[in-house]
Amino acid sequence: MKETPATIREIYPEFPLPPWIPEAVVDFVHKHAESVETLKGHDLPEFASYDANVRYLKRALVVLKDETTRDMWELLNDKSPDVAVELVWLLTAIEYNAGLHMKIHKRNKEAQKAHLKIIENAEKLYNLLQGFNNSFPGDLSFGDTRSLEIVLQDFVITEKAKNGEYKKVIGNVNYLSSRLILLSRELNSEKAMPLRFLKMISLFFRLEFGKPYHKYTTQIVSLVFDVHYDENTATKITENIINYLKPEDSPI
């Protein structure tokens with residue numbers, strides 16, 4: 001098996017990986033660890049920072065090192081080494097993707113509020129123009145205030161409707177969900193991340209094997225977070241995740 005560089009072993013004492021781990025996975029983990037090192041010293045959002053990425057990789061290493069997951073890695077490798085690598089990537093990416101999407105969600109909420117402020121100011125100007133035009137009708141040399149009044153009236157009506165619909169959409173974070181990220185109402189609670197892992201890993205197995213393999217999904221969440229779900233509970237939590245997928249993500 002490929003030897004782990006000493007500089008990487010200093011940061012990740014979990015190395016070397018067990019002999020049953022596929023060689024393709026070992027290569028991926030080494031390269032990923034080296035890429036994480038390039039983030040050191042850079043000013044990045046917390047979810048994308050060096051320390052955060054070290055934490056993400058250590059989570060994957062916990063799952064890779066634990067002997068109880070041996071049959072899972074053998075199952076994945078039997079299908080394809082690439083599938084085994086994909087699960088490792090997923091373990092390192094779930095929280096990063098959640099952080100990125102929550103940043104997008106926050107910006108979308110800010111954009112909706114800023115757009116609403118524009119509408120409110122446009123409506124104020126419309127009311128002023130309407131009052132002016134009603135008070136001083138006729139052909140005055142103040143410019144085409146009546147036409148501007150009509151334009152602003154149409155703008156306010158149209159944009160209010162758009163803003164209302166947009167507010168409804170971003171009111172449920174599932175609008176950002178895809179096979180790469182499943183968000184839920186539990187955005188910032190203690191159980192949010194274990195739930196995301198449970199859903200994302202269940203979805204991974206469902207897409208790759210046609211069933212969620214809750215024996216493994218619950219095992220991974222238990223190892224990473226010390227949060228324990230039985231298989232029946234996991235089934236109830238994840239039974240509707242396929243509905244979050246966009247058509248291009250669906251395995252059907």
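Quantities reported herein were computed from a predicted structural model and do not represent experimental measurements.
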Sequence neighbours excluded, the answer for salt bridge (charged side-chain N to carboxylate O under 4.0 Å, His left out) partners of Glu110 is none

The salt bridge (charged side-chain N to carboxylate O under 4.0 Å, His left out) partners of Lys236 (sequence neighbours excluded) come to none

Salt bridge (Lys or Arg N to Asp or Glu O under 4.0 Å) pairs touching residues 94-103, sequence neighbours excluded, are Arg55-Glu95, Arg59-Glu95

Residues passing the salt bridge (charged side-chain N to carboxylate O under 4.0 Å, His left out) test with Lys40, sequence neighbours excluded, are Glu37

Applying salt bridge (charged side-chain N to carboxylate O under 4.0 Å, His left out) to Lys215 and not counting sequence neighbours gives Asp71

Sorted by chain and number, sequence neighbours left out, side chain to side chain contact (heavy atoms under 4.5 Å, CB included) with Val227 holds for Pro194, Val221, Phe225, Tyr229

Tyr56 meets the ring pair (Phe, Tyr, Trp, His ring centres under 6.0 Å) criterion, sequence neighbours left out, with none

Sorted by chain and residue number, the ring pair (Phe, Tyr, Trp, His ring centres under 6.0 Å) partners of His32 (sequence neighbours excluded) come out as Phe28

Applying ring pair (Phe, Tyr, Trp, His ring centres under 6.0 Å) to Tyr96 and not counting sequence neighbours gives Phe47

May I ask you to say whether Lys31 pairs ionically with Glu34, meaning some side-chain N is under 4.0 Å from a carboxylate O? no

Across all chains, not counting sequence neighbours, the side chain to side chain contact (heavy atoms under 4.5 Å, CB included) partners of Lys160 are Ile119, Glu123, Val156

Applying side chain to side chain contact (heavy atoms under 4.5 Å, CB included) to Ser49 and not counting sequence neighbours gives Glu46, Asp51, Ala52

Sorted by chain and number, sequence neighbours left out, side chain to side chain contact (heavy atoms under 4.5 Å, CB included) with Ile118 holds for Phe155

